[in-house]
Amino acid sequence: MPELPDVEVFRQYFDATSLHQRVTAVDTRDARVLEDITPETFREALTGREFAASSRHGKNFFAHLDAGNFLLLHFGMTGELKYFEHPDQEPDHTRVLFTFDNGWHLGYVNMRMLGKVNVISSIDEYVEKQSLGPDALQLSYDQFAGLLSSKRGMIKSAFMDQSLMAGLGNIYSDEVLYQSGIHPKRQMTGLGEDQYHTLYKKMCEVLNTAIDCQVDTTEFPENYLIKHRDQEDTCPRCGGDIRKIKVSSRSTYFCPDCQPE
DNA sequence: AGTACCACCTGACGGC
DNA sequence: TGCCGTCAGGTGGTAC
């Protein structure tokens, strides 16, 4: 699930549960989620430290350690955070377990382990190294238009390209395009200023709405495609059939009537 | 530069 | 019940 809104909600959850807590123990249950750091180095970097602040860039989460460095969490396709008190509450697939001096635990849970965990010394350097574009929610319209106009190919590919702008993945790209009435395979070169304005407005609206709803899709507006991501379902706007196709080898849902090619 | 694959992983689901 | 193929909200590498 984790795209920008999900990670932002994880960040808020982290702040509400784990901020200003001191880490007393770190248990790496499966070292394969560690990026390029040994379990020993990882444990030593965190044990005794306090989480002083948190931030996010696109789909990447950073917990700021009081030592001046940062815990990086990337959630892949199946990652999440869980704060709990008793060991029998520990979720399946907990890959890293942090224990605080109040006795509670924070689990980095990730079934498929496609994410990664690390300790880094600089967020800016990390963003640079990963070639991440600006965070999608930090863009002005002018920046957004400038980025898009530098890009060719299919629009959905552009929205999913983390080096152009960071944060949108498969689901929210589909949602922005649906809300904008633009076909996911539309070529960037065919878009005009009107469409740039629509896309920018809808992108901000969709991301902020998802965060406001705490990414609980039952709370999303009824006219959101995300509630109708099903081949059997119908378009909440026109009642036509939702179609499923592949765009850059990712499942893509759209309404052929509302989003003409 | 853009696209199309493959790979990394685990688990759920449907068909036989 | 079990086996098999397919699919799943991410990313990185490679080859055309």
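All figures in this text were calculated on a predicted structure; none of them were measured in a lab.
When the nucleotides C:dG12, C:dG9, B:dA1 are ranked by their closest atom to the side chain of A:Ile171, C:dG9 comes out on top. Here the side chain of A:Met111 is nearest to one of C:dG9, B:dT10, C:dT11, namely B:dT10. Closest to the A:Lys246 side chain, of the nucleotides C:dG9, B:dT10, C:dA8, is C:dA8. The side chain of A:Arg229 has C:dG9 as its nearest neighbour among B:dA1, C:dG9, C:dG12. The nucleotide whose nearest atom lies closest to any side-chain atom of A:Arg32 is, among B:dA1, B:dC9, C:dG12, B:dC9. For A:Arg112, the listed nucleotide lying nearest its side chain is C:dA8; candidates were C:dA8, C:dG9, B:dT3. In the set C:dT11, B:dC9, B:dT3, C:dT11 carries the atom at the smallest distance from any side-chain atom of A:Lys59. The side chain of A:His93 lies closest to B:dT10, out of B:dT3, B:dT10, C:dT11. The listed nucleotides are B:dT10, C:dG10, C:dG9; the one nearest the side chain of A:Met160 is C:dG10.
Between the NZ atom of A:Lys227 and the P atom of C:dG9 there is a distance of 19 Å, given to the nearest Å. Whole-Å rounding puts the A:Leu168 CG to C:dG10 P distance at 10 Å. Rounded to an integer number of Å, the gap from A:Arg29 CZ to B:dT10 P is 17 Å. Atom-to-atom, CG of A:Leu114 to P of B:dT10 comes out at 10 Å; the value is rounded to the nearest Å. Residue A:Arg95 contributes atom CZ, which lies 8 Å from atom C1' of B:dT10 at whole-angstrom precision. Whole-Å rounding puts the A:Met188 CE to B:dT3 P distance at 11 Å. Between the NE2 atom of A:His57 and the C1' atom of C:dT11 there is a distance of 15 Å, rounded to whole Å. Between the P atom of B:dT3 and the CZ atom of A:Arg250 lies a distance of 15 Å, rounded to the nearest Å.
Pair assignment for B:dT10 gives C:dA8, based on Watson-Crick or G-U wobble hydrogen-bonding distances that are each under 3.5 Å.
Using a 4.0 Å heavy-atom distance criterion, A:Gln130 is classed as a sugar-phosphate-only contact. Nucleic acid contact for A:Asp6: base, since at least one base atom lies under 4.0 Å from a heavy atom of the residue. A:Thr78 comes within 4.0 angstrom of nothing in the nucleic acid, heavy atoms only. At a threshold of 4.0 angstrom between heavy atoms, the contacts of A:Met113 are confined to the sugar-phosphate backbone, with no base atom among them.
Under the 6.0 Å distance and 45° angle rule, A:Arg237 counts as a cation-pi partner of A:Tyr178.
Contact annotation: A:Ser251 side-chain N/O to C:dA8 OP1/OP2 distance is under 4.0 Å. The side chain of A:Lys129 places no N or O atom within less than 4.0 Å of a non-bridging phosphate oxygen (OP1 or OP2) of C:dG12. Between A:Gln187 and the phosphate of B:dG2, there is no side-chain N or O to OP1/OP2 separation shorter than 4.0 Å. Of the side-chain N and O atoms in A:Lys116, none sit less than 4.0 angstrom from OP1 or OP2 of B:dC8.
Taking the six-membered ring for Trp and thresholds of 30 and 60 degrees, A:Phe70 and A:Phe62 have ring planes more than 60 degrees apart, a perpendicular arrangement. Relative ring orientation between A:Tyr141 and A:Phe144 is described as tilted, the plane-to-plane angle lying within the 30° to 60° band. Ring orientation note: the planes of A:Tyr108 and A:Phe75 are tilted relative to one another, at an angle of 30° to 60°. Relative ring orientation between A:Phe42 and A:Phe98 is described as tilted, the plane-to-plane angle lying within the 30° to 60° band.
Distance check on atom P: B:dC6 versus C:dT6 gives 12 Å, rounded to whole Å.
Side chains of A:Tyr83 and A:Phe14 form no contact here, defined as non-hydrogen atoms less than 4.5 Å apart.
Checked by atom type and distance alone, the side chain of A:Asp66 pairs as donor or acceptor with a backbone atom of A:Glu50 at under 3.5 Å.
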